[in-house]
Amino acid sequence: MKTLVAGNWKMNGEASALPDFAKLTGDCEILVCPPFTLISALAAEKPAQVMVGAQDCHAAASGAHTGDVSAPMLKAAGATHVILGHSERRTDHGETDDTVLAKAEAALAEGLVAIICVGETEAERDAGRAGEVVGAQIAGSVPEGATPETLVIAYEPVWAIGTGRVPTNEQITEMHALIREKIGDGVRILYGGSVKPGNAAEIFALPNVNGGLIGGASLKTADFQGIIDAA
Ligand code: PGA
């Protein structure tokens, strides 16, 4: 299976950055997930090798949901993927596994690839509950009928996101093995949380790590290209 390197710009990025991103190149699959407002511009500007995704979608196709964006709208804008259940959405917007499941079903119905994020907090890890928490997130938020073509799992320990702290190789290996057991062969499992050009090669070489979901380091083309080169 081909390694997938996905950038999550979060609420960052400007149109002026897009021409630089159109130069990204590599042997792996490359995905950039900018804010909603830049999806169509990036889709128009990107090279064929770069795919464009969104960072969320609503569970409904249309309706009275002020401020929300639906899966059909993302598809029309040129997105092929959508990140769902990121820990920042789970925390900032109170998203539960049920919410994420409904959104993932909407994404799949539209032919978008759902990148479902899971991961434990530091308190949950300290309490020895990391596996239990992530197992429950997988059981609760992955739609039935999802396939390796329509589903990607991103393991992102909350305490490693934007902190510069990275789990040990043993911790990553253990969590990815647990996710692999639950999700089956073929589905890509990304690691996310403080991936940088300097640590990407080592992380991507671990068993059952099929790529990365990159936040901060995806905002600078040189750093993101460095991570792509490590894949
Ligand atoms: P980070 O974020 O790379 O900045 O730690 C990862 C993510 O939240 O997807």
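Whatever order the structure lists ligands and atoms in, that order sets their numbers, starting from 1.
For the residue pair H86 and Q55, no side-chain donor N or O sits within less than 3.5 Å of a side-chain acceptor on the partner.
Among K196, H86, Q55, the residue whose heavy atom lies nearest to atom 8 (O) of ligand 1 is H86. Compare S87, P157, G162 by their heavy atoms: the one nearest to atom 5 (O) of ligand 1 is in G162.
Using 4.0 Å as the threshold, A160 has a heavy atom nearer than that to some atom of ligand 1. At a 4.0 Å cut-off, at least one heavy atom of S194 sits close enough to ligand 1 to count as contact.
With a heavy-atom cut-off of 4.0 Å, N8 touches ligand 1 through its side chain alone.
Close contacts between ligand 1 and G193 involve ligand atoms 5 (O) [criterion: under 4.0 Å to a heavy atom]. Per-residue contacts place K10 under 4.0 angstrom from the following atoms of ligand 1 (heavy atoms of the residue considered): 2 (O), 7 (C), 8 (O).
Here the side chain of R180 pairs a donor or acceptor atom with the backbone of V187 at under 3.5 angstrom. Between the S218 side chain and the G215 main chain, a donor and an acceptor come within less than 3.5 Å of each other. Judged by distance alone, the side chain of R188 and the main-chain N or O of K2 form a donor-acceptor pair under 3.5 Å.
Within 6.0 Å of CG in N12 there are more than 12 heavy atoms belonging to other residues, nucleotides or ligands. Other residues, nucleotides and ligands place more than 12 heavy atoms under 6.0 Å from the CD atom of Q171. By the 6.0 Å contact criterion, CD on E181 is open, its count of non-hydrogen atoms from other residues, nucleotides or ligands being 12 or less.
Minimum interatomic distance between S194 and T163 (heavy atoms only, all atoms of both residues): OG-N, 3.5 Å.
Nearest protein heavy-atom contact of atom 7 (C) of ligand 1 is E156 OE2, 3.1 Å. Atom 3 (O) of ligand 1 has as its closest protein heavy atom G215 N, 2.9 Å. Closest to atom 4 (O) of ligand 1 among all protein heavy atoms lies G216 N, 2.8 Å.
Considering backbone and side-chain atoms alike, V195 places every N or O at 3.5 Å or more from each N or O of ligand 1.
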